[in-house]
Novice: 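One structure coming up, written as structure tokens, with questions to follow.
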Amino acid sequence: MSAHEVNYLEEYKGKSFFERLMGWIVTYDHKRIGMLYLVTTLMSFVIGGVFALLIRTELWTPMKDFFDANTYNQIFTLHGAIMVFWFIIPAIPGALGNFCLPLMIGAKDVAFPKLNLFSYYLLVIGMLINLYGVLSGGIDTGWTFYTPYSAQTSTSVIAMVSGVFIMGFASIFTGLNFMVTVHQLRAPGMTWMRMPLFVWAIYSTSLLQVVATPVLGITLALLVMERTLGIGFFDPALGGDPVLFQHFFWFYSHPAVYIMILPAFGIISETITTYARKTIFGYNAIAYSSIGLALVSFFVWGHHMFTSGESWWANALFSAMTMFTAIPTAIKIVNWTATLYKGSIVFTTGMLYTLGFLLTFAIGGLTGLFLGSISSDKHFHDTYFVVAHFHYVMVGGTATALFAGVYHWFPKYTGRMYNELLGQLSFWFFFIGFNVTFFTQFVLGANGMPRRYFSYIPEFQDLNQISTIGAWLIAVGVFISFSNLIISALKGAKAPANPWGSKTLEWTDTASPPITHNFVQDPIVNAGPYEYGRS
Amino acid sequence: MLLAGFVAPIASDTAQNFDTLFNFLTVTSIILFAVTTAFGLYFTIKYRRRTENDEVPYIDGNHWIEWGSIFIIAVISAVIFVWGLIDYRYQIAPKMDEYEVNVIGRQWSWTMQYQHGASLANQLVLPIDIPIKLVMKSEDVLHSFFIPAFRTKQDVVPGIFTTLRFTPNKVGTYNLFCAEYCGTDHSGMMGEVIVLSKENFQNWKNGLMKIPDYVKKAGANIAANSSDTRGGNNTSRGAIDPPNSNNTSGGTSMIPMAEKGKALFISKTCSTCHSIDGSRLVGPTFKGLWGSMEETQDGSKVKVDENYFRESLFEPMKRITKGYPPAMPTFKGQLSDDEIRHLIAYVKTLK
């Protein structure tokens, strides 16, 4: 057996411990780097989740239950910052994108394997700098770092934003790498319109990462200059404008919302076709609506600022553009639902998470209408309604899709099958817990409970307690899920090359797990990615 | 309708408008969600896998469904956009005979300054059925003035004045929250909005009536609750008089803001260059100045409002009225925010 035919996990089998270790930490193999990202981001999810549980547990009563207001403020900041910068942004492109993208287009690796490893280490360095920040004073600004508070607080703002700045470069380089890979390394016959929709989604995401992330970097650099050199970009006492920071911040962070959700759309298109054994309904509509969303997302940032004192016509313009995003979003939901029509649907764990995604993401999308309209946003802004809305999109959407993807590609990653029963059990805990936690928060927010509140009026207590119970149900679901994945990765039954009967290259043209160089024979593509029902 | 009577009552014109739109949004969303979910549910049950070799058709799209759903969602979003815009334009539009109160936000309390000189901590006393205009500014970081019963809020920003308008239409006491995160005691930056009948409001203003007992009780509750929760550094509520604010009555012996402004107008020598009778001195007259549109030297127009007034004091060379020399000195560092509010109150009286 030649070295080329050994699967990527066993490449260093029989070598010394040191060689095996180096085989992981200085690997250029996109599959191993994907695995590094997967472990890193899922660990981040657990850390961010622990902070979420601390928040929800403290909110059991309006009183001080476990820690004081300053600690609480640090905890919700870390929850937000870790979930956004350590988990949601890098998770799908870093873990699933790295692993699947080259396989799906029939490439041997990404275009720049060394840059790929470098990106991963930038993420890790950013995390370590953040960790230093946590140990050297913490941070209490909220993940949005709004000035002037962030310019005045005595906590470690500089360490936190420097970490985020560096992680931003990880994101930019990953985006660049994937864009070049898609342009240059597609297998013969893999035309743009034969690419799996996951590849389209990652491509749109990469576009956003490359174009939007530098703005965040500049904004955070300005904030650091303000804190260290006393240059008044944002401080009104020095002639600056505190609202300017919000414009800069959301000019990145709104596109970033699509950096988080577009890859999730890609996963859903893969899982729903596989588990319904149907070709995708409206391939072009889904592909183009991803690109459309990516473009529109640059012109809606002002909808985070309807109450900031923007001029009325700026508000009107941003509201109109925001409403426009409803169209591509709705198209996707319609197309995925229509894909189920006359399919042959099997309810694996991956499919359950996919169907859960459709429900929760629809609620997340529809409640976006409540916030996109200016006059209703004047009430909802900065309340738990907003908190509930973006958790429906980010957790009910992105995280749910990520889990669908992790279960879907788990056999390909590890060469082993997960435990189906535990997988399904984890879904029900997660799904029910999620809705209990966050649907309650729509009601809280509509009744006026502001976000980032350590204490609240006694009338809100019952709903807060329901929400806290939900959070613990999610924790049970995640615990079952991760135990299942870890145990199955070590002891699961051997997986066949294509356990789901999927039609994309990573299933049809290579083993589970794939060999180091991906394909024994370079694939030649002569059909679309979802040719179910065609002989 | 869907929210009334739970925690946040409907107590203003803005709240009524909001609730109509909210009901429409909720019903529309429920219908859209029910329709897609019904299809999804029906398909997943009907087309569940029966054998490994189920026959499936090859359906790669349908233009009627794509364009039909685009059309439906486009119409619905357009309606919501226009509806929200109309409500919002109504909300921010100046009304006839507005009653103006200044609001100052700081970590972590609110101060309400009345034109007649009263100053309240964390309590905003208002008359019913009179359009209210709040002119707000922060002394430190961002805050947001949020009254759930009125379904509206506005950020309170350092360096600029922001405005919030509504007309209370129900007597009662309502929660006031800070909605923009502002540091340690953000959630303790609570207060009350007390809407009184017109006579009671006049009585309060004239010092004939203290804030009614039921209000004091509510205030004490919140204060007690918040000191339980956070211990120590919470701000005092209405029931507990801070030494320098007359918290329980409107008072009669207070000096109105405009009078304080008039004294400043003289002591800061504004009167050397600005007349109050319409005659031309070095700078523009203050008579009839407030709210007018002025042409600046580069030909653009600017409305004389709180923000332009403040800018002219601090950065007088930025936008000079056309036809006048650049003679105005800067008052940066020489005038406090309070003094500027007093001057504004005075200039507003010069009609």
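Proteins come first, then strands; the chains are lettered A, B, ... in the order of their sequence lines, and each starts at number 1. The structure displayed is predicted, hence computed values, not measured ones.
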Novice: Is the shortest side-chain heavy-atom distance between F76(A) and Y181(B) below 4.5 Å?
Specialist: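 Touching, per the 4.5 Å side-chain cut-off.
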Novice: Please report the C-alpha distance between Y149(A) and D140(B) in whole Å, then the side-chain angles of each, then the deciding distance to 0.1 Å, and finally whether the side chain to side chain donor-acceptor pair (under 3.5 Å) criterion is met.
Specialist: CA-CA 8 Å; Y149(A) 187 70; D140(B) 37 51; over 6 Å; no
Novice: Given that the side chain runs from C-beta out, which part of D140(A) has a heavy atom under 4.5 Å from chain B: side chain, backbone, both or neither?
Specialist: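 The answer is both parts of D140(A).
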Novice: Using non-hydrogen atoms only, which part of F324(A) is less than 4.5 Å away from chain B: side chain, backbone, both, or neither?
Specialist: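 When you check distances to chain B, no heavy atom of F324(A) falls under 4.5 Å.
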Novice: If I take atom CG from residue D155(B) and atom CE from residue M305(A), how far apart are they, to the nearest 0.5 angstrom?
Specialist: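 Rounded to the nearest 0.5 Å, the CG-CE separation comes to 8.5 Å.
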Novice: Using non-hydrogen atoms only, which part of T147(A) is less than 4.5 Å away from chain B: side chain, backbone, both, or neither?
Specialist: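 Interface part for T147(A): backbone (N, CA, C, O).
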Novice: Give, as side chain, backbone, both or neither, the part of T153(A) having an atom under 4.5 angstrom from any heavy atom of chain B.
Specialist: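 Contact with chain B involves no heavy atom of T153(A) at all.
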Novice: Heavy-atom distances under 4.5 Å only: say whether L25(B) touches chain A with side chain, backbone, both or neither.
Specialist: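 Its backbone and side chain both get close to chain A.
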Novice: Report the C-alpha separation of Q246(A) and L142(B) in whole Å, then their side-chain angles, then the decisive distance to 0.1 Å, and conclude whether the side chain to side chain contact (heavy atoms under 4.5 Å, CB included) test is met.
Specialist: CA-CA 11 Å; Q246(A) 298 177 32; L142(B) 298 174; 3.2 Å; yes
Novice: Could you tell me if the side chain of T367(A) sits less than 4.5 Å from the side chain of S29(B), heavy atoms only?
Specialist: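 No, every pair of side-chain atoms sits at 4.5 Å or beyond.
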Novice: Sort I280(A) into side chain, backbone, both or neither according to what part of it lies under 4.5 angstrom from a heavy atom of chain B.
Specialist: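 Backbone of I280(A) only, per the 4.5 Å heavy-atom cut-off to chain B.
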Novice: Are the ring centres of Y47(B) and Y341(A) closer than 6.0 Å?
Specialist: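 For Y47(B) and Y341(A), the ring centres are under 6.0 Å apart.
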Novice: Do you know which of I333(A), D382(A), L358(A) has the most heavy-atom pairs under 4.5 Å to chain B?
Specialist: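 So the answer, after comparing I333(A), D382(A), L358(A), is D382(A).
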Novice: So which residue, G239(A), G282(A), A276(A), ends up with the most heavy-atom pairs under 4.5 Å with chain B?
Specialist: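 It is G282(A).
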Novice: With only heavy atoms counted, which part of I92(B) is less than 4.5 Å from chain A, the side chain, the backbone, both or neither?
Specialist: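 The side chain, not the backbone.
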Novice: With only heavy atoms counted, which part of L355(A) is less than 4.5 Å from chain B, the side chain, the backbone, both or neither?
Specialist: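 It is the side chain, since no backbone atom gets that close.
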Novice: Tell me, for E315(B) versus chain A, whether the close heavy atoms (under 4.5 Å) come from the side chain, the backbone, both or neither.
Specialist: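 When you check distances to chain A, no heavy atom of E315(B) falls under 4.5 Å.
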Novice: Do K378(A) and Q154(B) make a side-chain contact, defined as non-hydrogen atoms from C-beta onward lying under 4.5 Å apart?
Specialist: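 Yes. Closest side-chain heavy atoms under 4.5 Å.
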Novice: Under a 4.0 Å N-O cut-off, is there an ion pair linking E180(B) with R451(A)?
Specialist: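 No, this pair does not count.
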Novice: Would you say F39(B) and L340(A) make side-chain contact, with heavy atoms under 4.5 Å?
Specialist: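 Side chain of F39(B) against side chain of L340(A), heavy atoms only: no contact under 4.5 Å found.
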Novice: When rounded to the nearest 0.5 angstrom, what is the spacing between CG in L32(B) and CD1 in I363(A)?
Specialist: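 Going from the CG atom of L32(B) to the CD1 atom of I363(A) covers 12.5 Å.
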Novice: Heavy-atom pairs under 4.5 Å with chain B - which of A362(A), S319(A), A338(A), G372(A) has more of them than the others?
Specialist: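 Most pairs with chain B among the choices: S319(A).
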Novice: Name the member of G309(A), G501(A), S308(A) that forms the most heavy-atom pairs with chain B at distances under 4.5 Å.
Specialist: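 Top option by heavy-atom pairs under 4.5 Å: S308(A).
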Novice: Does any backbone or side-chain atom of A285(A) lie under 4.5 Å from a heavy atom of chain B? Answer side chain, backbone, both or neither.
Specialist: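 The side chain, not the backbone.
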Novice: If I measure from the heavy atoms of chain B, does F234(A) come under 4.5 Å with its side chain, its backbone, both, or neither?
Specialist: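 Contact with chain B is absent: no heavy atom of F234(A) under 4.5 Å.
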Novice: What option among G365(A), P242(A), P148(A), A151(A) has the most heavy-atom pairs under 4.5 Å with chain B?
Specialist: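 That would be P148(A).
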Novice: Between N70(A) and T184(B), do the side chains contain a donor N or O and an acceptor N or O under 3.5 Å apart?
Specialist: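 Yes, side-chain donor-acceptor contact under 3.5 Å.
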Novice: Measure the CZ-OG distance between R151(B) and S376(A) for me, rounded to the nearest 0.5 Å.
Specialist: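 If I round to the nearest 0.5 Å, the distance is 12.0 Å.
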Novice: At a 4.5 Å cut-off on heavy atoms, which part of N335(A) comes close to chain B: side chain, backbone, both, or neither?
Specialist: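 Answer is side chain: those atoms of N335(A) sit under 4.5 Å from chain B.
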Novice: Got a donor-acceptor contact below 3.5 angstrom from the R452(A) side chain to the H186(B) backbone?
Specialist: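 Such a contact is absent between R452(A) side chain and H186(B) backbone.
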Novice: Relative to chain B, which segment of E310(A) carries a heavy atom at a distance below 4.5 Å: side chain, backbone, both, or neither?
Specialist: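 For E310(A), backbone heavy atoms alone lie under 4.5 Å from chain B.
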Novice: Heavy-atom distances under 4.5 Å only: say whether T163(B) touches chain A with side chain, backbone, both or neither.
Specialist: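 Contact with chain A involves no heavy atom of T163(B) at all.
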Novice: Do the side chain of S187(B) and the main chain of S455(A) share a donor and acceptor less than 3.5 angstrom apart?
Specialist: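 At least one qualifying donor-acceptor pair exists.
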Novice: Output yes when a side-chain donor or acceptor of K153(B) lies under 3.5 Å from a complementary backbone atom of H379(A), and no otherwise.
Specialist: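 Side chain of K153(B) to backbone of H379(A): a pair is present.
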Novice: Quick check for you: among S375(A), P236(A), A326(A), which has the greatest number of heavy-atom pairs under 4.5 Å with chain B?
Specialist: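 With the most close heavy-atom pairs to chain B, the winner is S375(A).
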Novice: Looking at every heavy atom in both L85(B) and A316(A), which two are closest together, and how far apart are they?
Specialist: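 Distance-wise, the nearest heavy atoms are CD1-CB, 3.5 Å.
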Novice: With a 4.5 angstrom heavy-atom cut-off, could you sort out which part of F370(A) is near chain B: side chain, backbone, both or neither?
Specialist: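 Both backbone and side chain.
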Novice: Between N315(A) and chain B, with a heavy-atom cut-off of 4.5 Å, which part of the residue counts as in contact: side chain, backbone, both or neither?
Specialist: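 Interface part for N315(A): side chain.
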Novice: Which pair of heavy atoms, one from P450(A) and one from F146(B), lies closest together, and at what distance?
Specialist: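 Of all heavy-atom pairs spanning P450(A) and F146(B), the closest is CG-CD2, 4.2 Å.
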Novice: As a quick check of understanding, evaluate ring-ring contact (aromatic ring centres under 6.0 Å, His included) for F177(B) and Y456(A), giving each step before the final call.
Specialist: CA-CA 10 Å; F177(B) 295 132; Y456(A) 48 84; over 10 Å; no
Novice: Non-hydrogen atoms of chain B under 4.5 Å away: do they reach the side chain of T383(A), the backbone, both or neither?
Specialist: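 T383(A) touches chain B through side-chain heavy atoms alone.
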Novice: Quick check on Y72(A) against chain B: is it the side chain, the backbone, both or neither that has a heavy atom closer than 4.5 Å?
Specialist: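 No part of it gets close to chain B.
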Novice: Using the side chain to side chain contact (heavy atoms under 4.5 Å, CB included) rule, take F33(B) and L359(A) through it: C-alpha gap first, then chi angles, then the decisive distance, then the call.
Specialist: CA-CA 8 Å; F33(B) 182 73; L359(A) 291 173; 3.9 Å; yes
Novice: Identify which part of N62(B) has an atom lying under 4.5 Å from any heavy atom of chain A, answering side chain, backbone, both or neither.
Specialist: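 When you check distances to chain A, atoms from both the backbone and side chain of N62(B) fall under 4.5 Å.
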Novice: Can you check whether M190(B) reaches I457(A) side chain to side chain, under 4.5 Å on heavy atoms?
Specialist: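 Heavy-atom side-chain distance check passes, below 4.5 Å.
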Novice: Rounded to the nearest 0.5 Å, what's the gap from OG1 on T348(A) to CZ on R49(B)? Could you check?
Specialist: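 Answer rounded to 0.5 Å: 8.5 Å.
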Novice: Does any heavy atom of chain A fall under 4.5 Å from the side chain of E66(B), the backbone, both, or neither of them?
Specialist: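 For E66(B), the contact with chain A is made by the side chain alone.
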Novice: Between R277(A) and E55(B), is the salt bridge (Lys or Arg N to Asp or Glu O under 4.0 Å) condition met? List the steps.
Specialist: CA-CA 9 Å; R277(A) 290 223 174 129; E55(B) 288 282 317; over 6 Å; no
Novice: Chain A heavy atoms under 4.5 Å from T152(B): which part of the residue, side chain, backbone, both or neither?
Specialist: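 Both parts, heavy atoms under 4.5 Å.
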